[in-house]
Amino acid sequence: MREAALLFIGKHDFKSFTALKSKKKSTVREIYSIDIIKNNNNLDIVFKGNGFLYKMVRILVGTLVEVGLRKITLNDISLIMEQKDRSMAPPTAPAHGLFLSNVIYQD
């Protein structure tokens, strides 16, 4: 999962990883880091970036879980990103357990 998370770091078009309906809004975002922390029987996955699209984090978490379960490969992630098609990405992770811890605005 940590190797897969590295594929999302940087500036990418996350069109495959959003439920955004509008065709006018840019789907390019930059992820600065994704930390995966084992916490007893839980995994904490912490995203830092310049902005996130509708359901983007939940879809990325669902994708990372699929990698952890060995249902998809690192190569699959690259292909999904290239397709720019939401239907190619794994299911969205459920909302329970997900929370926004803070927002930092930069000038």
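Throughout, numbering of the chain's residues begins at 1 and tracks the sequence.
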Does [X] reach the side chain of [Y], with side-chain heavy atoms less than 4.5 Å apart?
{"X": "D85", "Y": "K15", "answer": "no"}
{"X": "R2", "Y": "L6", "answer": "no"}
{"X": "I45", "Y": "I34", "answer": "yes"}
{"X": "I31", "Y": "S33", "answer": "no"}
{"X": "H12", "Y": "V28", "answer": "no"}

hydrophobic_cluster_shared for [Y] and [X], side chain cutoff 4.5 Å:
{"X": "I9", "Y": "F14", "result": "yes"}
{"X": "L74", "Y": "V61", "result": "yes"}
{"X": "M1", "Y": "L79", "result": "no"}
{"X": "L64", "Y": "L69", "result": "yes"}

(Q) Run the side chain to side chain donor-acceptor pair (under 3.5 Å) test on N75 and T73 for me, step by step, so that the C-alpha distance in whole Å, both residues' side-chain angles and the decisive distance to 0.1 Å come before the verdict. (A) CA-CA 5 Å; N75 190 52; T73 67; 5.1 Å; no

Sidechain-backbone polar pair: D44 side chain, I37 backbone, donor-acceptor under 3.5 Å: no

Any sub-3.5 Å donor-acceptor pair from T18's side-chain atoms to Y54's backbone N or O?
-> yes

In sequence, state the C-alpha distance, the side-chain angles, and the governing distance for F47 and Y32, and then conclude on ring pair (Phe, Tyr, Trp, His ring centres under 6.0 Å). CA-CA 8 Å; F47 291 81; Y32 306 135; over 10 Å; no

Output the distance between atom [atom1] ([X]) and atom [atom2] ([Y]), rounded to the nearest 0.5 Å.
{"X": "F52", "Y": "I59", "atom1": "CZ", "atom2": "CD1", "value": "13.0 Å"}
{"X": "I77", "Y": "M81", "atom1": "CD1", "atom2": "CE", "value": "8.5 Å"}
{"X": "D76", "Y": "K71", "atom1": "CG", "atom2": "NZ", "value": "13.5 Å"}

Self-check item: From L53, I80, T27, V57, residue fulfilling side chain to side chain contact (heavy atoms under 4.5 Å, CB included) relative to F17
Solution: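 Per the side chain to side chain contact (heavy atoms under 4.5 Å, CB included) rule, the option paired with F17 is I80, out of L53, I80, T27, V57.
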
G62 and A93 have their tightest heavy-atom pair at N-CB, 3.8 Å

Closest heavy-atom pair, P94 versus R58, reported as atoms and distance to 0.1 Å, is C-NE, 3.8 Å

message: Evaluate R86 against T92 for side chain to side chain contact (heavy atoms under 4.5 Å, CB included), listing each step before the verdict.
response: CA-CA 10 Å; R86 170 61 187 108; T92 305; 2.9 Å; yes

Hey, mind stepping through R29 and K11 against side chain to side chain contact (heavy atoms under 4.5 Å, CB included) and telling me if it holds? CA-CA 6 Å; R29 295 292 185 275; K11 191 179 233 180; over 6 Å; no

